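Counting starts at 1 for both ligands and their atoms, in listed order. Nothing fancy with the numbering, it's 1 onward along the sequence. Only a predicted model underlies this, so the values are computations on that prediction, with no experimental measurement involved.
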Amino acid sequence: MTIVQNGTLVTPGGMLQADLAMEDGKITAIAPGLPAQGAVRVDASGCWVFPGFLDGHTHLDLNNGVMNTADDFASGTTAAVCGGTTTICDFATQDKGGTLMDALAAWKQKAAGVSRCNYAFHMAITDWNERTRAELGALRAAGVSSFKAYFAYDALRVRDDELLEILEAIRPFGGILGVHCENGDVVNAMQRRAIAGGRTGVENHPRTRPPEVEAEAIDRLCWLGRMAGMPVHVVHLSTALGLDVIRAARRRGQTVYAETCPQYLLLDESRYLLPGFEGAKYVMSPPLRSPNDVAALRRAVENGEINTISTDHCSFRFADQKAFGRDDFTKIPNGAPGIEHRPALMFSSFGGVLNAMQLCDLLSTNAAKLFGMYPRKGALAVGSDADVVVWDPGAQWTITAQNQHQAVDYTPYEGFAATGRAKYVFVNGILAAENGEPSRVCAGRYVAR
Ligand code: URP
Ligand code: ZN
Ligand code: ZN
């Protein structure tokens, strides 16, 4: 048995000065002054104790058609636990012409035995047909209840009529569909124009994916959701325009879940104007936006309009992978690292305005609820899984590529002065990281939902 003593627990019922006991992977008791004889004692004096943080949007060991992400499940989940994340939802992606069950099996194989944190899979549907529809029952039985569809990327996207059918097909079992909201046809046309006009530099990445491209796609998703009688989930929201569209749909009475990411709350499009090829580090889709967009999204986080903050971690090395697009920005692999730093970035940046309960909701509880894991995950409660983070709110440290565990040669947050750090991180009751360094154990398990 392990007992976390003297901490302030962030529980569903509020903040609680109490001890927490864990045994056999579960939380077994929460009360002040628990008897600790024979138990491993963990001192949480001066610390907050949270349910493990949950990153609802990661891409590990992903092949983008040209190359593999820098992080696989071994390095990515090592980085995750060092930062306090104990569960990720990664994306299993159906091959065109392939089956959903094959995709799930392939992703489980990538993660099994090497993952230091727990892992669940959203299923990205790229080939919607009668065979795919017929697999949904088996997929549900295998523990997958959340799905993803793309409005952009030619190799991944589905048509509007297909998206409507997917929404209708997952409705009977309470599935949820997250959608990458960018108008792919418009992006393609703008990219063709830019390249034909000799505009090949990094700064053209955001110019060919303007805010309207996101807002239009979110609007389309919301109307399709209304036609299907389904809630929808907007992933990686990046613009004030898109936020306004979500507000309008909510005013109509629709349920629209909104996810954003640290990069859209902390960084802006000026990064694309950095000298040389430096801007390539920030090539992701959707792109970084204007300071006004950043401010609007930050307000939305503060006033409760954003449901979850995930990373969209999708890492490519600067030196030899981002370099692929040196002469043509459309060839720069899309995505940036973040899985290790999300909790520290958000505590540092919102710690003055949001309390520990609100941060817990944004970083753990809301995603657990949305993706069918609550209260097994996302709650400090007797019977819940023993995924526990002892958080030192006063720790001061600096984020650098040199001290990170993400297997990539840069971080978008180089030099960020962080306040707050995961002191002890338990995955299924086993110590997975301490003071930002991993233990030797791989305690992560597949989370069937
Ligand atoms: O640029 C990004 N975000 N790459 C990852 C795939 C996606 O769109 O989520
Ligand atoms: Zn996406
Ligand atoms: Zn993504």
Side-chain angles (χ1 to χ4, degrees), residues 55-72 76 80 88-94 107 119-126 146-158 163 176-184 187-188 191 202 204-206 208-209 213-214 217-218 220-221 232-239 242 257-265 267 269 271-272 279-289 308-318 321-322 324-325 329-339 342 367 371 406 408 410 412:
D55 190 340
H57 189 151
T58 67
H59 302 274
L60 299 177
D61 205 349
L62 173 76
N63 187 289
N64 71 355
V66 180
M67 63 185 84
N68 262 31
T69 52
D71 279 299
D72 58 13
I88 58 169
C89 299
D90 205 86
F91 292 87
T93 303
Q94 177 189 26
W107 256 265
Y119 51 94
F121 295 109
H122 310 293
M123 179 55 65
I125 299 177
T126 65
S146 54
F147 299 84
K148 170 133 185 225
Y150 290 84
F151 274 141
Y153 300 130
D154 292 342
L156 300 172
R157 62 182 164 143
V158 295
L163 195 131
I176 181 82
L177 183 68
V179 180
H180 177 113
C181 291
E182 290 186 299
N183 184 318
V187 171
N188 289 347
Q191 288 189 337
V202 178
N204 295 291
H205 175 67
T208 53
R209 307 181 104 97
V213 156
E214 176 174 89
I218 294 175
R220 198 156 18 111
L221 171 65
V232 290
H233 179 217
V234 176
V235 301
H236 50 50
L237 175 68
S238 68
T239 58
Y257 298 103
E259 169 202 83
T260 192
C261 314
Q263 55 269 34
Y264 304 119
L265 299 167
L267 309 175
E269 62 196 2
R271 301 276 170 144
Y272 298 115
K281 292 178 177 175
Y282 309 92
V283 167
M284 60 186 83
S285 294
L288 300 177
R289 303 296 188 179
T308 58
I309 298 175
S310 308
T311 58
D312 197 7
H313 177 96
C314 188
S315 58
F316 294 98
R317 289 179 302 276
F318 180 61
Q321 295 190 297
K322 292 284 186 180
F324 192 69
F329 73 93
T330 66
K331 295 195 166 61
I332 300 171
N334 275 218
I339 198 168
R342 176 188 64 129
F371 300 132
Q406 300 171 148
V408 59
Y410 77 99

- Check against side-chain hydrogen bond (donor to acceptor under 3.5 Å, both in side chains), Ser310 and Glu259: CA-CA 7 Å; Ser310 308; Glu259 169 202 83; 3.1 Å; yes
- Using heavy atoms and a threshold below 4.0 Å, how should the contact between Asp312 and ligand 1 be classified: side chain, backbone, both, or neither? side chain
- Query: With a cut-off of 4.0 Å, which atoms of ligand 1 are near a heavy atom of Lys148?
  - Reply: 9 (O)
- Item | Distance-only donor-acceptor check, side chains Thr311 and Arg342, under 3.5 Å | no
- Numbered atoms of ligand 1 (with element) below 4.0 Å of His236, judged on heavy atoms: 8 (O), 9 (O)
- Which atoms of ligand 1 are found less than 4.0 Å from any heavy atom of Met284? 1 (O)
- Where does the angle between the aromatic ring planes of His180 and Tyr153 fall among parallel (under 30°), tilted (30 to 60°) and perpendicular (over 60°)? tilted
- Message: So for ligand 1, is Tyr153 a polar contact partner (N or O within less than 3.5 Å, distance only)?
- Response: yes
- Metal proximity, His236 vs the Zn ion (ligand 2), N/O/S cut-off 2.8 Å: yes
- Message: As a test of reading the structure, name the N/O/S atom of His180 that is nearest the Zn ion (ligand 2).
- Response: ND1
- Message: Could you identify the single nearest non-hydrogen protein atom to atom 4 (N) of ligand 1 and state the distance to 0.1 Å?
- Response: Asn334 O, 3.5 Å
- Message: Could you check whether Lys148 makes a cation-pi contact with Phe91, meaning its NZ or CZ is under 6.0 Å from the centre of the six-membered ring and within 45° of the ring axis?
- Response: yes
- Just jot down the ligand 1 atoms closer than 4.0 angstrom to any heavy atom of His59, in number order. 5 (C), 6 (C), 7 (C), 9 (O)
- Message: Looking only at N, O or S atoms, which one in Asp312 sits nearest to the Zn ion (ligand 3)?
- Response: OD1
- Can we call the ring centroids of His59 and His313 under 6.0 Å apart? no
- Does His313 approach ligand 1 within less than 4.0 angstrom via side chain, backbone, both or neither, non-hydrogen atoms only? neither
- Task: Taking the six-membered ring for Trp and the single ring otherwise, decide whether the centroids of Phe371 and His233 are under 6.0 Å apart.
- Result: yes
- Message: Under a plain distance cut-off of 3.5 Å, with no hydrogens placed, do Gln191 and Thr330 share a side-chain donor-acceptor pair?
- Response: no
- Item | Spacing of NZ belonging to Lys281 relative to CZ belonging to Arg317, to within rounding of 0.5 Å | 14.5 Å
- Message: Show me which atoms of ligand 1 lie under 4.0 Å from any heavy atom of His180.
- Response: 7 (C), 8 (O)
- Query: Got a sec: does the OH of Tyr150 have more than 12 other heavy atoms crowding it under 6.0 Å?
  - Reply: yes
- Query: Short check: any N/O/S atom of His57 below 2.8 Å from the Zn ion (ligand 3)?
  - Reply: yes
- Query: For atom 1 (O) of ligand 1, which protein heavy atom lies nearest, and how many Å away is it?
  - Reply: Ser285 N, 2.8 Å
